[in-house]
Structures are given as C-alpha cells and as structure tokens.
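Worksheet: the structure to be examined is printed underneath.
Atoms within each ligand, like the ligands themselves, are counted from 1 in listed order.
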Amino acid sequence: MTTVARRKAAERSAGDGGETAAALIPSGPSLQSLREAAAGCRACPLWERGTQTVFGEGSARSGVLLVGEQPGDMEDRTGKPFVGPAGQLLDRALEAAGIDRSRAYVTNVVKHFKWEPRGKRRIHQRPDAREIRACLPWLAAEIDVVRPEVVVCLGATAAQALLGSSFRVTRERGRIVASPLAPRALATVHPASILRIPDEAARRAELSRFIADLSAAARALG
Ligand code: URA
C-alpha cells in the first residue's frame with residue numbers, strides 16, 4: 001500500500017470533519033523532521049492544555065511499533081511516551097514477552113495530554129473523534145517512516161483509530177488481524193487498564209494475558 005493510501009485509510013477510520021495535521025507533514029519525512037514539525041502542531045485545541053507535544057520514540061528500523069492512546073501526566077512533563085506507571089508496566093510486560101523496548105518504536109494516537117483539573121491533580125480525559133482525526137496524520141507518517149513488521153494497538157482508542165470503529169479489543173485481543181498499516185497488526189488492552197484492577201489476583205491474571213498478547217506480537221516478528 002502506498003504512503004497516501006495508508007494515510008487515507010488511517011484518517012478514514014477516525015471520523016469526519018475538522019482540520020487535521022496533514023498539511024504539517026514535511027515532504028520526504030524522517031522521524032527527526034516529523035518530531036520537529038509536530039512540536040508546533042496546533043491542528044486541534046489540545047496543544048493549549050498540554051505542556052508539549054509528546055512524539056513517538058524509537059528507531060526508524062524498529063520491527064514492532066506500539067501505539068497507545070495519548071500521553072499521560074508524566075509523559076506530558078518529560079516529553080517522552082510511556083514513561084509513567086503504565087509505561088513501566090509496559091516495559092515489564094515487553095521484557096517478559098521477549099521484546100526489547102529499545103528496538104521498538106513507541107508512540108500514541110494523540111500527541112498531547114488531554115486533562116481536566118481536579119484539585120491539584122490533572123485527570124486524564126479521553127480524546128474525542130475530532131482530536132484523534134486531527135492527530136492521525138502524525139501517526140500515519142511515523143508508520144510510513146518506520147515501516148514496522150508488526151503494529152500493536154494498546155487499548156480501544158488505538159485499536160479503533162487504526163483498525164476501525166467496530167473493532168472490539170475484548171473480542172479480538174491477541175489475534176493477528178488484516179490491516180493496511182503493516183504486514184501484521186494486533187490489539188491488546190492498555191496497560192493502564194491493568195493498573196486500575198483493584199483485586200491483586202485479577203490484576204496478575206490480566207498482566208499474564210497482556211504478556212501473552214505481546215508474546216503473539218513477538219512471534220509474529222519472527
Ligand atoms: N498512556 C498512553 O496511552 N500513552 C502514554 O504514553 C502513556 C500512558
């Protein structure tokens with residue numbers, strides 16, 4: 001599939017209407033030129049709330065590309081994806097699944113932290129369809145540059161943005177599915193959802209399932 005077709009496929013699945021970041025994508029992009037261009041993105045209003053754009057991280061030669069929803073509080077402060085509690089759980093699970101994070105590309109569907117104040121805390125809010133659509137050209141361009149063997153969607157926001165709005169993680173998690181994005185794609189739960197499980201035994205069981213899903217991605221990598 002061509003670059004343009006891939007981008008259009010990604011944009012189509014997210015909804016309609018409104019401005020997107022498409023016009024900001026540099027021609028013949030590299031990860032560095034994309035990162036620099038994304039730093040000034042104003043395609044949706046989330047830039048006003050976030051400290052900075054949190055662009056993806058990793059090598060352009062990564063075989064696996066992992067996509068989350070949006071940066072959280074810690075990511076917003078540091079400018080790096082998946083460095084907070086969910087990122088630490090992801091690191092442990094990747095290691096258990098035999099995927100070296102330093103050889104993976106890690107990014108998000110939306111590149112700014114969406115939050116609302118509650119006392120002194122900044123509470124995560126789900127990005128809406130318009131914000132996702134506005135931001136998707138960045139992710140499509142990252143995928144075009146990295147050309148990963150396997151795309152892993154972490155959670156429903158990433159899975160529905162990339163694999164279609166009718167995709168259900170609960171039904172299809174851990175299965176290789178057809179996608180124009182990469183030779184192989186797979187979705188699993190978001191690591192933050194595991195952290196939210198109050199019961200320790202249930203949390204441990206869910207972590208095992210998460211590791212099993214990531215192991216399927218590792219096997220798909222070959
Ligand atoms: N959750 C995400 O989806 N992405 C991050 O980078 C951190 C938390």
Output, in order, the C-alpha distance, side-chain angles, deciding distance and verdict of side chain to side chain donor-acceptor pair (under 3.5 Å) for Y105 and E142.
-> CA-CA 9 Å; Y105 189 84; E142 288 173 294; 2.6 Å; yes
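Among all protein heavy atoms, the one lying closest to atom 3 (O) of ligand 1 is H190 NE2, 2.6 Å. Residue, atom and distance of the protein heavy atom nearest to atom 4 (N) of ligand 1 are N108 OD1, 2.7 Å.
Of the options M74, E75, K111, the smallest heavy-atom separation from atom 7 (C) of ligand 1 is shown by E75. Of the listed options E57, E69, Q70, Q70 places a heavy atom closest to atom 8 (C) of ligand 1.
Each of the following atoms of ligand 1 lies closer than 4.0 Å to a heavy atom of G68: 3 (O).
At a threshold of 4.0 Å, the pair K114-E131 counts as salt-bridged, since one of the basic side-chain nitrogens sits closer than that to a carboxylate oxygen.
In this structure, E172 contributes its side chain and V169 its backbone to no donor-acceptor pair below 3.5 Å. Under the 3.5 Å distance criterion, the side-chain polar atoms of Q70 are left unmatched by any main-chain donor or acceptor of N108.
Ring centers of F82 and H190: under 6.0 Å apart, within the cut-off.
Checking only distances, A86 never comes within under 3.5 Å of ligand 1, N or O to N or O.
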